[in-house]
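What you see is a predicted model; the values in this text were computed from it and never measured.
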Amino acid sequence: KIHKYRIADGNEYGVDIADPNWPQVSTLKPDLDKGAAGLSIAAAQDGNTYLYSVTDGYIGDGGDYQGHITAINLATGAQKVFNSLCSNLTIHFVNNGIKSGAGQNDCASAQNGIWGRPGAVYDAGTDRVFITTGNGPFKIDIPNGVYNWGDSVLALHPDGSGGASTGMPVDSYTPTTFANLKTTDADLGSESIAIVPPPPGTAAQYRHIAVQAGKDGCIRLINLADLSGQGAPAKTGGELDAKNLPGGSNCTTGSDGPEIKPQPAVWVNPADSSSWIYVTSYGDGSAAYKIALDGSGKPSLALQTQWPVLPDTFASGTSPVVANGTLYYMSGNHLVARDAVTGAVLSIGSAWASTSFSSQHWQSPILVNGRLYLFNDASPSVLWVFQLDGTFKSGFD
């Protein structure tokens, strides 16, 4: 279920406060579908505000789960479902249900979880909501009623509905390497899209762009207004650019690694209005890219700087955040601050490699109103709060 609470006193709508619209169903397979991504909310161009919830699976890709998005109109409580498998059925599937024929309420295919940290991402420029699916079957066979969208970026209307044809999204992007992505567990959907503001001089047809990285170590730049560049869903290829994370080579093969699991960060440099993307892998270093334009105003990814894994950590970083020209991310037992342009280390919290800050899993720092918040993964868990003053108030450690 998705629950709604009143912030002032913590009372729940539909429980403590009478409200027939809450709580809302997110899945009927809670032991198989996992809601690990964040909820997101968007004010769409139709005047409505929608809440989005997505699902993936449990560790090991086990069981009969199907990634899907639930979109809820916050004014009316009406919801719509788009399934990444058997997408011709716009319902919540039931466990061990009917998988074909009359009364079908389950899907014979499994996986295609939506694993990205932000979940669904709404783009105001195109008035579409985007989800990215993980490893699983990709096959569109309309005559035989097969609508399976593995390792794909799907565009939907803000209310969660698809295109004019049954089972079809509004648009889609699927790498040509989708078969090997599935075989090697190299989920495209280990992340969600990260919307990138176009720099000055970008041609009109490329004014809505985003990056999509995956566990194959490939960073793809895509056109949100025409995902495959072919004007219709169910096509393959068509990205504006694709770059391997330094040290990788899988953009053309779709094999697993170097794995990019953390969500990229996007920053516009106020000095020149350039657009930057920061990509952090899980154990294979990190890199910064800038949007470059050719003579016709078509954007591409230009590598600016890269940095290796810190020598005493097991992972090179969590989802990064940027503020005031500084990039922050967790790496092993450390919180790291780097110059957003040069990549130079400004400070490393070396004192945190102690029992008081002994472990980091996938939790990432967040920035809110000039303060940096993060949790450790020790017992007991501790919330750390730093006020930004230069890099950190009263010293980093």
Side-chain angles (χ1 to χ4, degrees), residues 116-118 121 190-202 206 209-222 239-251 257-294 298-311 313 315-332 334-349 364-367 372 388 391 396:
R117 182 183 186 86
V121 177
S190 62
E191 304 170 8
S192 302
I193 64 165
I195 297 172
V196 182
T202 303
Y206 305 119
I209 55 176
V211 288
Q212 176 66 57
K215 283 168 62 180
D216 59 351
C218 183
I219 304 99
R220 300 167 175 88
L221 184 67
I222 56 177
E239 62 274 0
L240 298 175
D241 194 15
K243 290 288 194 301
N244 289 298
L245 189 73
S249 59
N250 293 328
C251 281
E259 292 190 343
I260 301 173
K261 293 180 180 179
Q263 183 71 11
V266 176
W267 176 64
V268 175
N269 187 345
D272 59 4
S273 299
S274 58
S275 295
W276 293 64
I277 301 100
Y278 302 91
V279 179
T280 303
S281 74
Y282 193 70
D284 292 286
S286 307
Y289 297 84
K290 186 166 69 171
I291 296 296
L293 301 175
D294 67 12
K298 181 179 180 180
S300 62
L301 296 167
L303 179 65
Q304 299 299 298
T305 186
Q306 63 187 90
W307 49 91
V309 181
L310 294 176
T313 63
S316 58
T318 57
S319 301
V321 290
V322 186
N324 301 327
T326 303
L327 180 76
Y328 303 95
Y329 63 94
M330 282 295 301
S331 183
H334 307 288
L335 179 62
V336 183
R338 292 182 181 269
D339 185 281
V341 174
T342 67
V345 173
L346 301 178
S347 194
I348 297 179
S364 297
I366 61 170
L367 278 163
L372 191 76
L388 302 188
T391 304
F396 191 88

Between [X] (side chain) and [Y] (backbone), is there a donor-acceptor pair under 3.5 Å?
X      : Y      : result
Asp339 : Ala344 : no
Tyr278 : Ala340 : yes
Ser192 : Gln263 : no

Verify the distance criterion only: is there a donor paired with an acceptor across the side chains of Asn324 and Thr326 at less than 3.5 Å?
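No, Thr326 and Asn324 have no side-chain donor paired with an acceptor closer than 3.5 Å.
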Exercise: do Trp307 and Thr305 side chains pair donor with acceptor under 3.5 Å:
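Judged by distance alone, the side chains do not pair up.
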Which residues satisfy the side-chain contact (heavy atoms from CB on, under 4.5 Å) test with Leu367, sequence neighbours excluded?
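side-chain contact (heavy atoms from CB on, under 4.5 Å) check on Leu367 returns Val321, Ala323, Tyr328, Leu372, Leu388.
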Among all residues two or more places apart in sequence or in another chain, which pass the side-chain contact (heavy atoms from CB on, under 4.5 Å) test with Ser275?
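By the side-chain contact (heavy atoms from CB on, under 4.5 Å) rule, Ser275 matches Val196, Pro197, Pro199, Val268, Ile291.
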Which pair of non-hydrogen atoms, one from [X] and one from [Y], has the smallest distance, and what is that distance?
X      : Y      : value
Asp272 : Ser274 : OD1-OG, 2.6 Å
Ala287 : Leu245 : CB-CD1, 4.0 Å
Ala302 : Ala292 : CB-CB, 4.1 Å
Ile260 : Cys218 : CD1-N, 4.4 Å
Val322 : Ala265 : CG2-CB, 4.2 Å
Leu303 : Pro246 : CD2-CG, 4.0 Å

Can you tell me how far the [atom1] atom of [X] sits from the [atom2] atom of [Y], to the nearest 0.5 Å?
X      : Y      : atom1 : atom2 : value
Leu327 : Trp267 : CG    : CH2   : 9.5 Å
Asn244 : Cys251 : CG    : SG    : 3.5 Å
Glu191 : Arg117 : CD    : CZ    : 11.0 Å
Ile277 : Gln304 : CD1   : CD    : 9.5 Å
Glu239 : Leu301 : CD    : CG    : 10.5 Å

Going by the side chain to side chain contact (heavy atoms under 4.5 Å, CB included) test, name the single residue among Leu221, Ile219, Ile193 that passes it with Gln212.
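Passing option: Ile193.
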Between Ile209 and Thr202, is a side-chain contact (heavy atoms from CB on, under 4.5 Å) present by the stated rule, with each step listed?
CA-CA 10 Å; Ile209 55 176; Thr202 303; 5.6 Å; no
